[in-house]
Amino acid sequence: MKMTDVYPSKWIKADDLGEDDVQLKIAGVEMEELTNENGKKDNKPACSFVGQSKKLILSKTNWTRIAQQHGDDSDMWIGKTITLYAEPEAKSDSGYAARVKVPKPKA
C-alpha cells in the first residue's frame, strides 16, 4: 500500500509526473481555498485540465511560465496546451516540484 493510495490528493504533484514531460490542455483557472499544516487558510489560483481530475496550484513561477507562452490573462489560456515536468526543488517534500516547461525559442 502506498501513502498516495491511502491519502489521495486533488493536486498535481511532481510524483504524478514521473520522469516524462506531460502535455495538458487547460480547461480553466479558478481561485481555490487551501489550508496549510498550521490550519491557516489562503486563496491560490489553480489550473484545471481537460480530462484530468487533479488540478495544478499555480505558484508565481508557474503562472509566469504560462503567461510567457499564452499571455498574462488566464481567461485566454483555456484550450491552450502546456507541458509539465518534475524539477528538482528543495521546497517540496519529495525534493521535486511540478513545473511548467517554457518552450525553447525558435531559431
Heavy-atom pair of closest approach, residues Ile78 and Gly28: CG1-CA, 4.1 Å

Straight-line distance of Ser74 OG to Lys80 NZ, nearest 0.5 Å: 13.0 Å

From Ile57 atom CD1 to Lys10 atom NZ, the distance as rounded to the nearest 0.5 Å: 8.0 Å

Interatomic spacing from OH in Tyr96 to CG in Leu17 - rounded to 0.5 Å: 12.5 Å

CD (Gln68) with more than 12 external heavy atoms under 6.0 Å: yes

Donor-acceptor contact present, side-chain Gln52 to main-chain Ser48, <3.5 Å: no

Considering all heavy atoms, the nearest Pro103-Gln69 contact: CD-CD, 3.5 Å

Backbone of Asp75 reached by a side-chain donor or acceptor of Asp73 within 3.5 Å: yes

Any Lys55 side-chain heavy atom under 4.5 Å of Glu32 side chain: yes

pair Leu56-Leu24: side-chain heavy atoms closer than 4.5 Å: no

Reported OG1-to-CD1 distance for the pair Thr61 and Ile66, which is rounded to 0.5 angstrom: 11.0 Å

Same apolar cluster (I L V M F W Y, side chains within < 4.5 Å links), Tyr85/Leu58: no

Distance (rounded to the nearest 0.5 Å) between Lys54 NZ and Ile12 CD1: 8.0 Å

Closest non-hydrogen atom pair between Ala14 and Ala98, with its separation: CB-N, 3.8 Å

Pairwise distance NZ(Lys101) to CG(Leu84) - rounded to 0.5 angstrom: 10.5 Å

Sidechain N-carboxylate O distance under 4.0 Å for Asp42, Lys44: yes

Val100 backbone acceptor or donor facing Asn62 side chain under 3.5 Å: yes

Single hit among Gln23, Lys25, His70 for side chain to side chain contact (heavy atoms under 4.5 Å, CB included) with Ile82: His70

Closest heavy-atom pair and its distance - Trp77, Gly71: NE1-O, 2.6 Å

